[in-house]
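The residues of the chain are indexed from 1 along the displayed sequence. Computed from a prediction, not measured in an experiment: that's the story for all the values here. Whatever order the structure lists them in is the order used to number ligands and atoms, beginning at 1.
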Amino acid sequence: MDPSLNYPSDSDLRRLLRFEPHSGAIWLGEQRMVLLHTAALTTLRHDLIGSVGKEHARRLLTRMGYACGLHDAGFAAKTRGSRTLEDMFLVGPQLHMLEGAARVTPVQLKMNAAAGQFYGEFRWDDSWEAHGHRLHYGVVDEPACWTLLGYASGYTSAFMGRLILYKETRCSACGDDHCHIVGRPIDDWPDGDAHRQYFEDDSLLEKMAALSQQVEALKIGLKPSEPGDMLVGNSPAFQRAHDLMRRAASTQVTVLLTGETGVGKERFARALHVHSVRSGGPFVAVNCAALPAELIEAELFGVEKGAYTGAHTARAGRFERAQGGTLFLDEVGDLPLPAQAKLLRVLQEGEIERLGSESTRKVNVRLVAATNVNLEAAVERGQFRRDLYYRLNVYPICIPPLRERPADIEPLARHLLTRFMALHHKRPVGFSDRALQALSRHGWPGNVRELENLVERGVILSTPGGVIEVEHLFPNQPDAAHDGLDPQGRLARRAPQDEEALCERVLDSGMPIETLEARVLALAVERNRGNLSGAARLLGLSRAQLAYRLKREQSPGTD
Ligand SMILES: [Zn+2]
């Protein structure tokens with residue numbers, strides 16, 4: 001074996017593997033994994049061969065392995081991007097071992113990434129697949145490590161950016177002591193074409209190409225300001241609100257949209273407008289909370305020239321500008337009381353009076369109001385007119401917060417992903433399993449708007465062609481403690497990064513190690529209110545050891 005092919009430490013890869021029994025999940029980086037019995041997998045393999053035939057089963061299993069290799073290749077640059085090309089490549093064989101496929105020993109490895117040249121030879125000992133195959137079929141004539149070969153091909157192909165075909169020149173399913181594989185670009189194999197069928201038919205690469213074409217097509221057909229754009233959701237609560245909106249659309253009724261900040265009230269209002277007979281007219285939106293109280297009446301009802309100092313020209317208000325269409329008054333609860341009185345008159349009379357004007361003008365406007373405060377309570381407090389409240393609350397639609405419709409989070413996130421991919425000309429292939437889990441667990445205080453911000457940030461931070469990961473969505477979220485593998489391969493509790501970060505902070509602080517120890521001991525004693533046994537337990541020491549150390553500190557230089 002080439003000495004340069006010694007494996008680097010796999011601690012960087014072991015760190016990727018995390019067991020979270022409390023959430024019922026195992027993770028390799030951002031990908032969800034599952035621990036399967038090889039016996040069960042062997043049975044599945046056997047049934048597959050029995051039901052679809054050897055050739056087809058081989059194709060399916062090769063492609064499954066290929067997909068695994070393809071996913072694992074994503075870790076190479078991520079974990080060892082700053083190392084030599086060999087070290088980076090060896091992520092594949094090392095992960096294959098960590099995942100329990102076989103013991104992999106590199107024999108030869110020659111590659112030139114720029115020229116696309118590759119030659120690799122590896123030895124596999126104890127392949128689970130060869131073992132399983134022999135269990136059912138005895139010693140066979142042809143190599144049988146299809147899943148494993150698929151993995152090697154998938155990993156190396158993704159790494160090299162071209163299809164690399166591996167073949168077994170020896171296989172323990174054929175009675176050999178171990179398996180031996182050779183990998184080269186498929187075109188370099190004289191019979192390469194005959195092997196293409198195992199990869200290319202409906203291959204993942206083709207699917208990815210097809211997906212990017214779809215995205216291209218979507219980009220062309222996508223109108224970012226499409227009003228129904230954000231009305232995505234299948235949950236009953238959301239559907240109820242949507243149904244109420246559609247039924248109100250065909251009438252002239254004044255609609256009051258309620259719901260927390262960020263649930264998408266304006267989008268509902270726009271959708272209502274679009275589905276109404278007024279869709280040919282203007283849609284005018286006003287945020288009552290965004291306008292200073294002294295300007296709001298002029299803004300809504302318009303001004304005549306000279307109505308007040310600074311009113312140099314006559315100006316139409318939003319009501320007039322919405323003529324024949326829909327006026328959306330967001331945060332109507334923030335409207336000052338005098339403006340409330342005028343608004344009520346407009347609703348009753350169907351006419352407005354510009355500021356400084358003696359005459360009235362007829363307006364034909366459908367009003368949609370929205371609030372994230374409880375207007376009834378505001379009425380009780382005397383901050384909102386009761387008569388106006390009754391006038392607005394004819395047809396209330398409550399839009400549920402995102403946390404009450406968790407089933408809608410993933411479809412919404414995917415919908416937003418498509419939108420922001422087009423906007424930012426980036427093409428992440430989707431969300432990692434872990435990112436989706438994090439989205440579904442988040443509390444969403446900012447509702448759909450918050451999701452929108454997170455997905456947009458995720459699209460911007462993701463690597464092109466990669467997936468959106470948790471850290472792209474929640475950059476500041478600390479990593480929770482979980483179980484991983486220690487250097488001996490045993491499951492151990494740890495908070496990754498935390499320990500390292502802690503040590504780094506200690507080093508950066510310049511604190512001498514004695515001082516650090518003294519402080520930690522004192523803190524442990526303090527936390528246990530002077531109880532030395534309790535403090536010792538916390539520190540992983542015996543009571544005597546702790547007492548000794550404390551004493552040593554009180555009288556330095558005496559030991
Ligand atoms: Zn084999």
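Inter-residue side-chain proximity for Ile26 and Val34 is flagged as unmet; no heavy-atom pair is nearer than 4.5 Å. Looking only at side-chain heavy atoms (C-beta outward), Leu416 and Met421 stay at 4.5 Å or farther from each other.
Using a 4.0 Å cut-off between charged side-chain N and carboxylate O, Glu129 and Arg45 make a salt bridge.
At a cut-off of 2.8 Å, measuring from the Zn ion (ligand 1), the protein N, O or S atoms that fall short of it are Cys145 SG, Glu168 OE2, Cys171 SG, Cys179 SG, waters left aside.
Side-chain contact of Tyr166 with Glu121: a donor-acceptor pair under 3.5 Å is absent, judged by distance alone. Counting only N and O atoms by type, the side chains of Gln94 and Asp10 include no donor and acceptor under 3.5 Å apart.
No cation-pi contact links Arg63 to Tyr198, judged by a cut-off of 6.0 Å to the six-membered ring centre and 45° from its axis.
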